[in-house]
Amino acid sequence: MGSILKDVELKENIPTTVIFSKHIEFLTDYGQQKESYEAVMTDYLRMSGMYWCLTALELINTSPFPKNDIVEFIKSCQDTESGGISASNDHDPHLLYTLSAVQILCLYDSLDAIDLEGVTRYVASLQNPDGSFAGDKWGEIDTRFSFCAVATLSLIKKLDVINIDKAVEFVKSCMNFDGGFGSRPQSESHAGLIYCCVAFLSITGKLDIVNQDNLAWWLCERQLPSGGLNGRPEKLPDVCYSWWVLSSLAMLGRLHWIDRNALKKYILACQDIETGGFADRPGDMPDPYHTLFGLAALSLLGLESIEKVNAAFCMPQSVIDKLQIHIQMLQ
Amino acid sequence: MVEQNAMCEKILRKLEHILSINTEIQEFAIVPTPEIEKNKSPVLYEHNCLGIESWCKQYLLQYTHSNLLEARKDLIRNSLTFEEKKNLNRVLIGALLIQPNVTTFWNMKRELVKSDILNTQLELDFSRIALTYHSKCNEIFSYRKWLIDLINLKQKNYALYKNELSLCETATEKSKNNYHAWNHRIWCLQNISAQYLEDMLISELNFSLSWISKHISEFSGFFYRQVLINSLHNLKSLFQIQMFNLEGILKYLKFSTLYDDPLYVFFHLLGKSNVFPIIEDCPKFVNLLAVLLHDLTYISTELNFLYCDHECLWNYRKFLVIHIMNVLYEYHGVVFHYHLVIPSENRTSLNEINMLNLDIKEVRNEIPRKVSSSNLYKIVIQNELEFIESNKNMVNILQNNLALRYFKWLKCSNFYKY
Ligand SMILES: [Zn+2]
């Protein structure tokens, strides 16, 4: 029986350097067409879209957009009653977009522009007695939201308003025997959720509860012969998973366990040389999401022309330093 | 613009009408059609299948979005009339059939349910139809969970969960590695009342076996089986143990015993224990071990020879071996925490090698004698080594690598001693 390897083959003429000017063009153009069909399609996650674009641009030392417009937009998305922030005007507030908004404001050193007490109140209101967090008032539970909650509060220096011990206990209850984490207790290990849980523990200083080498082993298994990383067994490699796996390994102090040269080659191959931007796999359509995670992963791999990135927050290290936030990194 | 709005309104009315007269709709789809070939009405409806032609999607999307967002504040403030709320649902139907990942729109539906404009049962129907086209959409599963919790406030309903299971099966058939659908299935297992759990576990074990055999490279299916196996701890009776053919399994493992009674076979395999037996605990150990050994011989070995080079099978094997060790240690009253011990020589700081591809020095483990001298321990370790050997040095490089990697894992685990 023949082998059917779930991987991609890298072609001969793939890009081997970062095409910075093209990426700037790609990211700058992206947010411009406000009335287009695509803009309506992605309106429900606009705040995160802005975070991806603006952070990617920051990592390559550009910020082409007027700060005022962005800050005004974020202000207009805060719900005065609950204090939470929505993805776009007239949408409902949600933890996911509250974090994105706070991250953008940190990039622009403008946290004071919004009602921070409102944000604090909102995040605290979403914690359940078992320590878990709901994404919004309707109650969906996910470890992603645990991460969003502590990341948001840590950036605005209000971590003390929630029950950290209970929150950690819940995240721990989502750990599987392979060392990985899923979205709820007894959910399958998944690289994206592993990132959320490891970053959660790194921010709260509780990384010692992970089984370092069991988890690092599982993460190393994600690397395929093409050099790219997947997010679960027998799935295709993907640039965003490269970031989630790599940043988790970085926080676990096991970055040196994977073949970094091969990964770098894979990520570079996912650039679109015509339009700029990164895609999930070579030859696919690029988007801001994979562009941010491609650049951030290259930063962790030590590419000097890209700003240093913080593994837990996926923000420039210089911004985190300025806020005097320290995360735990294992040796 | 006026013309387009009128067209959208017409489409929405038609969709709403069809959904209200036919609760048996099996499927919804957006059918690719170029605009030049457009029909008078883009709504397609035959044999319980509902669809729209793709060219009208963008008009409908813009129309529904702007209408719904405009009404959002009024709905929150409760300043809409009964009639206006009804009309709002018509727009929501169109918007959510096209793009169900917009949380705000589902929230509007939740508010309409809470104010008794919408009925929970009909909403389960609607979200089921939406799921047939967007089978990976987490917002749909999330809405269903919310509806079911609401219904359950009145009474716990077994049929409701049964229905969710078949819905999950459809969704997992439609999209590979459908994380949210499997999570939803696990949620059902966690929420069903205890009196039905045993029934459900047995039927789910059967379901998952046949599902795995047909989807050998989808790890989510294997993971679901792990959840089922972990739930066996909650069972109090020795359920149909024959289902797993203990005799056949032992023959496979080349273990001969004079006993017929599963309990005695169990004692013979595990050895004398100072802390056991506590009779009430017997069923759970026997059931658990029977399933683990069955899967080790059937799923993980037979299927491996049928379908070569599947990482999923090797991964599942790890789960089985670790959990067999768990039973063995627990039976002898020793606490077991599986972990890997990576010798420091294997910690490379090179840039061009994955740690898993390095040679490994053997780790020396201290294993409790009670454990390592039991028949089960010897059989299982021997069986693993033979299994690795038979998969090594094959022409198939991938399978060879998987075998080598597995051997390396075994050597690094804290329960291995040869
Ligand atoms: Zn991706």
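Neither the backbone nor the side chain of A/L215 comes within less than 4.5 Å of any heavy atom in chain B. Heavy-atom distances place both the backbone and the side chain of A/N214 under 4.5 Å from chain B. Interface residue B/Q99: only side-chain heavy atoms are found under 4.5 Å from chain A. Both the backbone and the side chain of A/S183 come within contact range of chain B, each with at least one heavy atom under 4.5 Å from a heavy atom of that chain. Both the backbone and the side chain of A/E221 come within contact range of chain B, judged by heavy atoms closer than 4.5 Å.
Counting heavy atoms from C-beta outward, B/L68 and B/T104 have side chains that stay 4.5 Å or more apart. Counting heavy atoms from C-beta on, the side chains of A/D79 and A/Y122 never come closer than 4.5 Å.
Listed options B/H323, B/H339, B/E70 were ranked by heavy-atom pairs under 4.5 angstrom with chain A; first place goes to B/H339. Of the residues considered (B/N107, B/N401, B/I76, B/N357), B/N107 shows the highest number of contacts with chain A, using heavy-atom pairs under 4.5 Å. Note: B/L61 leads B/N230, B/L61, B/V227 in heavy-atom pairs under 4.5 Å with chain A. Per-residue heavy-atom pair counts under 4.5 Å with chain A were compared for B/F105, B/F219, B/Y179, and the maximum is reached by B/Y179. Most heavy-atom pairs under 4.5 Å with chain B, from the set A/N176, A/D178, A/I141: that is A/N176. With chain B as the partner, the residue from A/H94, A/K264, A/R184 showing the most heavy-atom pairs under 4.5 Å is A/R184. The most heavy-atom pairs under 4.5 Å with chain A, out of B/N101, B/T103, B/L189, come from B/N101.
The aromatic rings of B/Y59 and B/W55 sit perpendicular to each other, their planes meeting at more than 60°, with 30° as the lower class boundary. Classified by interplanar angle (parallel below 30°, tilted 30° to 60°, perpendicular above 60°), the ring pair A/W244/A/Y289 is perpendicular. Note on ring orientation: taking the six-membered ring where Trp is involved, the planes of B/W182 and B/Y224 are tilted (angle from 30° to 60°). B/W409 and B/F415 have perpendicular rings, their planes meeting at more than 60° on a 0 to 90° scale where under 30° would count as parallel.
Taking CD of B/E218 as the start and NE2 of B/H310 as the end, the distance is 11.0 Å to the nearest 0.5 Å. Taking NE2 of A/H91 as the start and CG of A/L45 as the end, the distance is 9.0 Å to the nearest 0.5 Å. The CG atom of B/L69 sits 7.5 Å away from atom CE of B/M108, with the distance rounded to the nearest 0.5 Å.
Here A/D280 pairs with A/D238, A/D284, A/H290 under the side chain to side chain contact (heavy atoms under 4.5 Å, CB included) rule; sequence neighbours left out.
Inspection of non-hydrogen atoms places B/N138, B/S142, B/K145, B/W146 of residues 138-148 of chain B under 4.5 Å from chain A.
Test B/Y406, B/F407, B/F222 against B/W314 for ring-ring contact (aromatic ring centres under 6.0 Å, His included) and you get one pass: B/Y406.
Residues A/Y44 and B/H65 keep their aromatic ring centres 6.0 Å or farther apart.
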